There are 2 protein chains.
Amino acid sequence: MFTNLNTDPRKKPRLLGELGDLSHAKVSSGECKYSKGTEIFGQAEPADYIYQVIEGAVRSHKLLYDGRRQIGAFHRFTAEAIADTTVRLVKRQSLERVAKTDPAMVRSLLTMTTDNLQHVENHLLLLGRQTARERVAAFLLEMNGRLTAAGVMALPMTRRDIADYLGLTIETVSRALSAFQRKGYLKVAGPYHREIIVLNPAGLTELDR
Amino acid sequence: MFTNLNTDPRKKPRLLGELGDLSHAKVSSGECKYSKGTEIFGQAEPADYIYQVIEGAVRSHKLLYDGRRQIGAFHRFTAEAIADTTVRLVKRQSLERVAKTDPAMVRSLLTMTTDNLQHVENHLLLLGRQTARERVAAFLLEMNGRLTAAGVMALPMTRRDIADYLGLTIETVSRALSAFQRKGYLKVAGPYHREIIVLNPAGLTELDR
DNA sequence: CGAAGTATTGAGACGTCTCAAAATTAGTGG
DNA sequence: CCACTAATTTTGAGACGTCTCAATACTTCG
């Protein structure tokens, strides 16, 4: 998957994901490790680099001047929490040079970007036109689709991350989850950031139509 | 610009835009004309084609089962309203064949997709975290940036289109515009769908920070 | 065990939506 | 060009949902 990973809406770096593997490509790249909670940007000129997550999990977000935050996507490469992460840095300039000699890679990049675009456009509909409960239901089903089979999954992020992904407050997310539990749509167990959710998808799917 | 143009969130066609010109490319393409209000899709299998607007203006949107709509982007190639439009159809399959022989075109597509992704990700922030007035202000400034110089512009779409673009109701859009007029941020004149807006960007820019 | 961080719950405030009516504009046929 | 009708926009009043602020509960970590 592909996305911005920004603190400033005006800067436009890119984050590479699962589809492409640039490790053998003829680009000048370097790996960097970031521990949990570290800002990946601010350390290199964002717009000049492309990032690929090798291990860990990353969230990409944008900020408004007053701190309001919107997460665009979660990127997960292990079952871990938003945790220690290794990232490969690729100079954009270098990439564009390679693009001329490696058409397959460009095609791969195009596929990734297109997939990401589809995800983000679905997210527009969610943010623009769905209620709080519909958003939380959609989020749970999205996570469920990516993870373990059969409605059992871990939620490796905080309520704040979920809220900022769904354009809600943490209180509203919490209330929605509580309501779903009361209705028998899910059960929660386990420690923070590794909560186990047992889904009864029937109810949620109806909400998420 | 690049975007989905959907009635069904599950189908994923692509709409090409200003950057690329496929008319001379070695792809099998055909032009189609659509009059105002026509659904471009439903007439060919959406997922199998890529679309490029040649003349006119197009909006792309997604729908929920109950009719709630979210517009992802406006695409404008004349100053006209969402009006009669000519579209070039390119078979996706054909495009992928060409991609192997025409790396420049793939790079062009990648650029377009990346640009579109940036636009959509900014829109996520708007839909997730900005108030109604901030959204309307951002919309006006976005349109202003694309059109005539110096704060004079035509608004070639209905309140419903604007509302669905901003994730609001038509009433809320109307109230925001009225409030801006009362504050002296803008003046409106002219007929429906060709309203002339005279901006005083100072106030709006502050709102749109 | 204590402290800090995170999540849940409650009560009220606020903003947007819904529904309804009035005003304005567009389109049509005489 | 005018009258009439349909469509769109504006405005108003109240309903509803989410946010804000505050208190409590729970978890993690020292």
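Letters go in sequence order (proteins before strands), and every chain restarts at 1. In this text the structure is predicted, and so the values were computed from the model without any measurement.
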Rounded to the nearest Å, what distance is computed from the [atom1] atom of residue [X] to the [atom2] atom of nucleotide [N]?
X: R175(A); N: dT9(C); atom1: CZ; atom2: C1'; result: 7 Å
X: I170(A); N: dT8(C); atom1: CD1; atom2: C1'; result: 10 Å
X: R159(B); N: dA26(C); atom1: CZ; atom2: P; result: 12 Å
X: Y192(B); N: dA23(C); atom1: OH; atom2: P; result: 14 Å

| field | Side-chain (R135(B)) to main-chain (Q130(B)) donor-acceptor, under 3.5 angstrom | value |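 The answer is yes, because a donor-acceptor pair under 3.5 Å joins these two groups.
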| said: Whether the side chain of E134(A) engages the backbone of T131(A) through a donor-acceptor N/O pair (distance < 3.5 Å, no angle test) should be reported. | reply: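 The answer is yes, because a donor-acceptor pair under 3.5 Å joins these two groups.
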I'd like a table of donor-acceptor pairs (distance under 3.5 Å, sequence neighbours excluded) in which one partner is a side-chain atom from residues 172-179 of chain B, with atom names and distances.
| residue | atom | partner | partner atom | Å |
| --- | --- | --- | --- | --- |
| T172(B) | OG1 | T169(B) | OG1 | 3.0 |
| S178(B) | OG | S174(B) | O | 3.0 |

| Which residues satisfy the side-chain contact (heavy atoms from CB on, under 4.5 Å) test with F139(B), sequence neighbours excluded? |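 Once residues adjacent in sequence are excluded, the partners of F139(B) under the side-chain contact (heavy atoms from CB on, under 4.5 Å) criterion are F74(B), M143(B), L155(B), M157(B), I162(B), Y165(B), L166(B).
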| request: Report the residues that fulfil side-chain contact (heavy atoms from CB on, under 4.5 Å) with I170(B), sequence neighbours left out, ordered by chain and then residue number. | output: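 With neighbours one apart ignored, the set is R159(B), R160(B), A163(B).
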| task | Walk me through it: do E142(A) and H119(A) pass the test side-chain hydrogen bond (donor to acceptor under 3.5 Å, both in side chains)? | result | CA-CA 11 Å; E142(A) 180 185 347; H119(A) 177 266; 2.9 Å; yes
Could you tell me whether the side chain of [Y] reaches within less than 4.5 Å of the side chain of [X], counting heavy atoms only?
X: K187(B); Y: I197(B); answer: no
X: L141(A); Y: T205(A); answer: yes
X: L127(B); Y: Q70(B); answer: yes

| query | Checking all strands, does G190(A) fall into the base, sugar-phosphate, or nothing category for heavy-atom contacts under 4.0 angstrom? | reply |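 Nothing: the residue G190(A), judged by heavy atoms under 4.0 Å, touches no strand.
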| request: Look at R129(A) together with D66(B) and state whether they make a salt bridge at an N to O cut-off of under 4.0 Å. | output: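 Salt bridge between R129(A) and D66(B), a charged N being under 4.0 Å from a carboxylate O: no.
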| Ion pair present between R68(A) and D164(A), side-chain N to carboxylate O less than 4.0 angstrom? |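 No, this pair does not count.
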| field | Which residue lies more 5' along DNA chain C, comparing R129(A) with E195(A) via nearest heavy atoms | value |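 Nearer the 5' end of the strand: E195(A).
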| Close residues, residues 176-184 of chain B, relative to DNA chain D [heavy-atom separation under 4.0 Å] |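 Residues of residues 176-184 of chain B that come under 4.0 Å of DNA chain D are, in numerical order, S178(B).
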| task | Note the angle between the end axes of the helix from dC1(C)-dG30(D) to dG30(C)-dC1(D), five pairs defining each, rounded to 10 degrees. | result |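 Both end axes considered, the difference amounts to 50°.
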| message | Please compare T172(A) and V173(B) by the position of their nearest nucleotide in DNA chain D and report the one closer to 5'. | response |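 Counting from the 5' end, the first nearest nucleotide belongs to V173(B).
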| Of P191(A) and R133(A), whose closest DNA chain D nucleotide lies nearer the 5' terminus? |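 Here R133(A) is the residue nearer the 5' end.
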| field | Span of DNA chain D in contact with chain A (heavy atoms, under 4.0 Å) | value |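 Taking any atom under 4.0 Å from a heavy atom of chain A, the span is dT18(D) to dT28(D).
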